[in-house]
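Labels below follow one simple rule: chain letters A, B, ... track the order of the sequence lines, proteins then strands, and each chain is numbered from 1. The model shown is predicted, which means the values in this text are computed figures rather than measured ones.
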There are 2 protein chains.
Amino acid sequence: MAKRPAQPEFDRDCQDILTQCACEALRRTSRTVTSRYQENLRAVGITAAQLPILVAAHLMGPVPLSPLATQLGMDRTTLTRNLAGLQEADLVSVDPDVDRRVRLISITPTGRRALRRATGAWREAQSHVESAFGRERMRALIGELEALASVAAR
Amino acid sequence: MAKRPAQPEFDRDCQDILTQCACEALRRTSRTVTSRYQENLRAVGITAAQLPILVAAHLMGPVPLSPLATQLGMDRTTLTRNLAGLQEADLVSVDPDVDRRVRLISITPTGRRALRRATGAWREAQSHVESAFGRERMRALIGELEALASVAAR
DNA sequence: CCGCTTTACGTGTATATACACGCATCATGG
DNA sequence: CCATGATGCGTGTATATACACGTAAAGCGG
């Protein structure tokens, strides 16, 4: 029986999805790198997703949920869910605002102590990666990631 | 009362975690870019995480689960869970091997048809990003991501 | 052939992510 | 004031991710 006509376009797309797709490359690298950092954070008892939330809560003081989510580039509802765990562990507090629609996020004293230990663990992981990959090279890469995010943002 | 002694190291780390951390930059960009691609794939009925699995199953023929997970740079158990949905939708099949420990993954005819429609939707998203970000620039970025993943891999 | 190790995999559990939908509160024009 | 639209959030649901642990099968030395 005769073979189907070749569809070089389709085959090329399939290859490209594994080797040239920005989404897939990001997701894959994200998985791998997250594991590395998370390994260090495990001893501190916080996750790779919680660390930036804790930091932002520390730096932005009492801040409404939505601006915090925007700052972190994550969905508002994702932040709501992630905050539940941090609140449970008494690392952040969620308080009412004068505007009663708003919930103000802030870091707690316990959270600040955890953050101090976390930054140490984080710097270890960061240093390892910087050493192996190159400090300036990583700065450049992160700059490109920000640029790509800007392009992809709506 | 006297202010606590400044801890410039801690404050710098906090800033760095938001602006210089490879993990956070990757996770954030990954979220944003995934949304963009997923938006296009929605019409096809598959997710951004499912697409590379479908492609790899297509290209690697009947392949054991673990090598497939390695190829995709994801945890073996994550792939198991993700395959459940694809199997449910009859896009991939999971069959026994002569070695009865092994489960062989392959794409189904239905999966191949879905993949054809998906590649079209994917190329649209990919083209948009390439246009806005620069084709060669994106190639370079993806190369750097692969290099970083190699560094972070154990 | 048998016991031990190694390999390939699934499951329980926990967290992460985000869309669709709905609710309460605020602001504003009349 | 008050109706109406805009704003800020939570919840239901579905998927994604991976660690810890357990199980079955294969390999292997004796």
Quick check: on DNA chain D, is the nucleotide nearest A/V63 upstream (toward 5') of the one nearest B/D99, or the reverse? Name the residue that is more 5'. A/V63
Nearest 0.5 Å please: distance from the CG atom of B/D75 over to the CZ atom of A/R31. 10.0 Å
Listing request: all ring pair (Phe, Tyr, Trp, His ring centres under 6.0 Å) pairs with a residue in [range], at least two apart in sequence or in separate chains.
range	result
residues 57-105 of chain B	A/F10-B/H58
residues 76-103 of chain B	none
residues 134-154 of chain B	none

Can you check the B/R103 CZ to C/dG10 C1' distance for me, whole Å? 8 Å
May I have the distance from B/D97 (atom CG) to C/dG10 (atom C1'), rounded to whole angstrom? 17 Å
Can you sort out the partners of B/R112 under salt bridge (Lys or Arg N to Asp or Glu O under 4.0 Å), two or more places apart, ordered by chain and number? none
Could you check B/R103 against B/D97 for side-chain contact (heavy atoms from CB on, under 4.5 Å), going step by step and ending with a plain yes or no? CA-CA 6 Å; B/R103 307 212 310 159; B/D97 187 75; over 6 Å; no
When you check the gap from the basic side-chain N to the acidic O, do B/R12 and B/E9 get nearer than 4.0 Å? no
Ion pair B/R28/A/E146, N-O distance below 4.0 Å: no
With the threshold set at under 4.0 Å for non-hydrogen atoms, list the residues of residues 64-71 of chain B touching DNA chain C in residue-number order. B/P64, B/L65, B/S66
Is any side-chain nitrogen or oxygen of A/T80 closer than 4.0 Å to OP1 or OP2 of D/dG10? yes
Heavy-atom contacts, protein to nucleotides 13-24 of chain C, under 4.0 Å, summarised as B (base), S (sugar-phosphate only) or - (none) per nt, yield B-SSBBBB----
With a non-hydrogen cut-off below 4.0 angstrom, is A/V94 in contact with a base, only sugar-phosphate, or nothing? nothing
